[in-house]
Student: 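The structure under discussion is supplied below as C-alpha cells; questions concerning it will follow.
This is a predicted model, so every value here is computed, not measured.
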Amino acid sequence: MIEFVNVKKSFGNYLVLEDFSLKIETGEIFGLLGLADSGKTTVVKLLMGLQSPDEGTIMIDDMEAGSGVRRLKRRLGYVPQVLGRYPKMEVFEYLQFFASCYHMEDSKIRSRIHMLMELADISSWENSPMEVLPKAVFQKLSLVRAMLHEPKILVLDEPMVSMDIRTATEIKGMLLDYAEQGKSIFMTGSSLSDFSDLCTHLAFLHQGKVIRKGSVSTIFREVSEQNPIVIQVEGRRTDILSLLKEDKKVKSISLKENEIHIRFKGNAREEAELLRRIVDAGICLHSFYREAGSMENILGKEAKDERSIISYE
Ligand SMILES: Nc1ncnc2c1ncn2[C@@H]1O[C@H](COP(=O)(O)OP(=O)(O)OP(=O)(O)O)[C@@H](O)[C@H]1O
C-alpha cells in the first residue's frame, strides 16, 4: 500500500504539489495522469525518497518514503524517465551489477537475468555494449532492471513516452503479468489512452491536487457522459432539432457539416431513451454515438449546466 497524505512540495516560490493525497492499494495498477509540468515526476521522486515533502507524509506499507533506504529499495523497483547509460558496459554485465546492488543471492542472479531477458525478448542483446542498443531494447531493459529483485511495487515515470506501438504492447504485457503475481504498479503519464487498457485505477493531477480518482471503468463512464453525442440523420434536420430542443437533458446543440453534436446530461439509460424517442418519431438515423473520452474532458472543461441551443436551420 502507498499513501500520500496532504503532501505539499514547492521549489523556491513555485508550488508544485498542494495538499496532494492519494492511496494506492496492494495489487492495483495505478496510473497518475497529468499535463506536462503538472508535477508527476515530483510525485514519483517523493515516493522514491529522492526528494522530501515540505509538508505531509508518504507511506509505503509501514515505512515512510526516504527512510530505511535499504529495506525500501528491496520493496521498490524504479523506472525513471531518464536512465543513466553506461555505453561500454555489456547488457548482462549491467544487469548483474544492479542485481548485486540489490543484494541478490549470487546463485539466483544468472537465472533471474536470463528469465527476464527472455520475457522481454531481448536475450540476443546479452553480450552487446549498451551504446549499440536500439531505443526499444533499452526501454525494455529499463523495465527488466527494475524487476530484477522482484520488488513488491514497480514505479514507472512516464513509461509510454515516445514508445512505438509494438514495444508499448510488449511492456504492457509484462506489467500485466507482473501485477498478476500480486504486485502493485504505480506509473505516471499524460495520455488517457495509453493507460485505459492497462490500469485498474486512475487519478488526475491538476494544479497540484488530485482532481479525480477511481477505478478505470468508473472514470471512463463519467468521462464519456460528458462527451458530446454525435447524430447523423437522413434528409432535413428540422424534426430532430425540434425534438432535441424539447429535451431538458440536451444542454447544447451545434451543427458541424452533416453532424449534429449535442451535450447530453444523462446516464446510459437516459441516452438510450433519447435514441428510442428519435426512432419512434420516424426520424431516419445514420448514426448516434458518444465521442470517446479524453484528458481534456477531465482536466479542462467540466460540462456547464446552462443550455445553449444553437441551430442554423
Ligand atoms: N528540482 C527542481 N527545481 C526547480 N523546479 C523544479 C524542480 N523539479 C521540478 N521543478 C518544476 O516543477 C514543475 C513540475 O515538474 P515535474 O517534472 O514534476 O512535472 P511533470 O508533470 O513530470 O512534467 P513532464 O510531463 O514535463 O515530465 C515544473 O515546472 C518543473 O520545472
Student: Is it the case that one hydrophobic cluster holds both Met59 and Leu46, taking links as side-chain heavy atoms less than 4.5 Å apart, direct or via other members?
Tutor: no
Student: Counting distance only, does the side-chain N/O of Arg112 pair as donor-acceptor with the main-chain N or O of Leu148 below 3.5 Å?
Tutor: yes
Student: In Å, rounded to the nearest 0.5 Å, how long is the span from CD1 of Ile122 to CD of Glu170?
Tutor: 10.0 Å
Student: Are the side chains of His201 and Lys213 in touch, meaning some heavy atoms are under 4.5 Å apart?
Tutor: no
Student: When you compare the side chain of Leu243 with that of Asp239, does any pair of heavy atoms fall below 4.5 Å?
Tutor: no
Student: Could you check if a side-chain atom of Leu141 sits within less than 4.5 angstrom of a side-chain atom of Leu95, using non-hydrogen atoms only?
Tutor: yes
Student: Would you tell me whether Ser196 and Ser193 have side-chain atoms, one donor and one acceptor, within less than 3.5 Å of each other?
Tutor: no
Student: If you round to the nearest 0.5 Å, how far is CG of Leu35 from CZ of Phe204?
Tutor: 10.5 Å
Student: Assess, by modelled atom type and distance only, whether the side chains of Thr167 and Gln139 contain a donor and an acceptor separated by less than 3.5 Å.
Tutor: no
Student: Between Val43 and Val82, is there a shared hydrophobic cluster once you connect ILVMFWY residues whose side-chain heavy atoms come closer than 4.5 Å?
Tutor: no
Student: Using a 3.5 Å distance criterion without hydrogens, assess whether the side chain of Glu118 forms a donor-acceptor pair with backbone atoms of Met115.
Tutor: no
Student: Within a radius of less than 6.0 Å around CD of Glu105, do more than 12 heavy atoms belonging to other residues, nucleotides or ligands occur?
Tutor: no
Student: Inspect the contact between Asp197 and Lys172 and indicate whether a charged nitrogen and a carboxylate oxygen are less than 4.0 angstrom apart.
Tutor: yes
Student: Among residues at least two apart in sequence or on other chains, which ones pass salt bridge (Lys or Arg N to Asp or Glu O under 4.0 Å) with Lys209?
Tutor: none
Student: What pair of heavy atoms forms the shortest contact from Ile229 to Glu271, and how long is it?
Tutor: CD1-CG, 3.7 Å
Student: How would you list, by chain and number, every residue that makes a salt bridge (Lys or Arg N to Asp or Glu O under 4.0 Å) with Asp37, sequence neighbours excluded?
Tutor: none
Student: Please say which of Leu15, Leu17, Asp19 ends up in a side chain to side chain contact (heavy atoms under 4.5 Å, CB included) with Lys8.
Tutor: Leu15
Student: Begin from the C-alpha positions of Leu255 and Leu241 and carry the test side-chain contact (heavy atoms from CB on, under 4.5 Å) through to its verdict.
Tutor: CA-CA 10 Å; Leu255 303 178; Leu241 287 173; 4.1 Å; yes
Student: So which heavy atom on Pro53 is nearest to which on Val7, and how close?
Tutor: CB-CG1, 3.9 Å
Student: Please report the closest heavy-atom contact between Ile185 and Ala179, naming both atoms and the distance.
Tutor: CD1-CB, 4.1 Å
Student: For His114 and Glu126, does a side-chain donor sit closer than 3.5 Å to a side-chain acceptor?
Tutor: yes
Student: Roughly how far, to the nearest 0.5 Å, is CD1 of Ile58 from CD of Gln51?
Tutor: 10.0 Å
Student: Can you find a heavy atom in the side chain of Leu50 that is under 4.5 Å from one in the side chain of Tyr78?
Tutor: yes
Student: With sequence neighbours excluded, tell me which residues meet salt bridge (Lys or Arg N to Asp or Glu O under 4.0 Å) with Arg74.
Tutor: none
Student: Can you name the closest pair of heavy atoms from Ser190 and Gly34 and give their distance?
Tutor: CB-O, 3.3 Å
Student: Consider only side-chain heavy atoms of I, L, V, M, F, W and Y, link residues closer than 4.5 Å, and tell whether Val210 and Val5 are in one cluster.
Tutor: no
Student: Checking side-chain polar atoms at under 3.5 Å, does Thr41 have a donor or acceptor matched by the opposite partner on Gln81?
Tutor: yes
Student: Examine distances only and state if a side-chain atom of Arg290 and a backbone atom of Asn227 form a donor-acceptor pair shorter than 3.5 Å.
Tutor: yes
Student: List the steps, then state whether side-chain contact (heavy atoms from CB on, under 4.5 Å) holds for Asp247 with Phe264.
Tutor: CA-CA 9 Å; Asp247 191 321; Phe264 183 77; 4.1 Å; yes
Student: So, taking the atom named CG in Asp121 and the one named CE in Met117, what distance separates them when rounded to the nearest 0.5 Å?
Tutor: 10.0 Å
Student: Can you list the steps and then say if Ile253 with Lys245 is a side-chain contact (heavy atoms from CB on, under 4.5 Å)?
Tutor: CA-CA 8 Å; Ile253 304 173; Lys245 282 178 201 168; 3.9 Å; yes
Student: Shortest non-hydrogen contact from Ser10 to Asp54?
Tutor: N-OD2, 2.7 Å
Student: Check whether any side-chain heavy atom of Phe138 sits under 4.5 Å from a side-chain heavy atom of Ser142, and report yes or no.
Tutor: yes
Student: When you measure from the side chain of Ser287 to the backbone N and O of Ile231, does any donor-acceptor pair fall under 3.5 Å?
Tutor: no
Student: Look at the rings of Tyr86 and Phe98 and say which category their plane angle falls in: under 30° parallel, 30 to 60° tilted, over 60° perpendicular.
Tutor: perpendicular
Student: Less than 4.5 Å apart, any side-chain heavy atom of Leu143 and any of Met174?
Tutor: yes
Student: Answer yes or no: is there a side-chain heavy-atom contact under 4.5 Å between Met163 and Ile171?
Tutor: yes
Student: Verify, without hydrogens or angle tests, whether Thr218 (side chain) and Gly214 (backbone) share a donor-acceptor contact under 3.5 angstrom.
Tutor: no
Student: Check the pair Lys135, Ser162 against side chain to side chain donor-acceptor pair (under 3.5 Å), reporting the backbone distance first and the verdict last.
Tutor: CA-CA 10 Å; Lys135 193 168 159 203; Ser162 65; 3.0 Å; yes
Student: Any donor and acceptor pair, going by atom type alone, linking the side chain of Lys256 with main-chain N or O of His261 inside 3.5 Å?
Tutor: no
Student: When you group the ILVMFWY residues by side-chain heavy-atom contacts below 4.5 Å and let the links chain together, are Leu192 and Val161 in the same group?
Tutor: no
Student: Is there a path of hydrophobic side-chain contacts, each under 4.5 Å between heavy atoms of I/L/V/M/F/W/Y residues, joining Met1 to Leu156?
Tutor: no
Student: Is the shortest side-chain N to carboxylate O distance from Asp61 to Arg75 below 4.0 Å?
Tutor: yes
Student: Roughly how far, to the nearest 0.5 Å, is the CD1 atom of Ile109 from the CZ atom of Phe97?
Tutor: 11.5 Å
Student: Would you sort out whether Phe288 and Leu274 count as a side-chain contact (heavy atoms from CB on, under 4.5 Å), showing the intermediate values?
Tutor: CA-CA 10 Å; Phe288 181 100; Leu274 172 65; 4.1 Å; yes
Student: Considering the options Glu259, Gln232, Glu234, which one meets the side chain to side chain donor-acceptor pair (under 3.5 Å) requirement together with His286?
Tutor: Glu234
Student: Going by side chain to side chain contact (heavy atoms under 4.5 Å, CB included), Phe30 matches just one of Ile2, Thr200, Ile24. Which one?
Tutor: Ile24
Student: Ignoring hydrogens, what is the shortest heavy-atom contact between Thr188 and Phe195? Give both atom names and the distance.
Tutor: O-CZ, 3.2 Å
Student: Spell out, as yes or no, whether a donor-acceptor pair under 3.5 Å connects the side chain of Lys152 to the backbone of Gly77.
Tutor: no
Student: Is a donor on one side and an acceptor on the other found under 3.5 Å between the side chain of His149 and the backbone of Leu76?
Tutor: yes
Student: Would you give the length of the straight line joining atom CZ of Phe92 to atom OG of Ser128, rounded to the nearest 0.5 angstrom?
Tutor: 13.5 Å
Student: Is there a side-chain contact between Met187 and Pro159 in this structure, where contact means two heavy atoms from C-beta onward sitting under 4.5 Å apart?
Tutor: yes
Student: Indicate yes or no: does Lys45 engage Asp157 in a salt bridge with an N to O separation below 4.0 Å.
Tutor: no
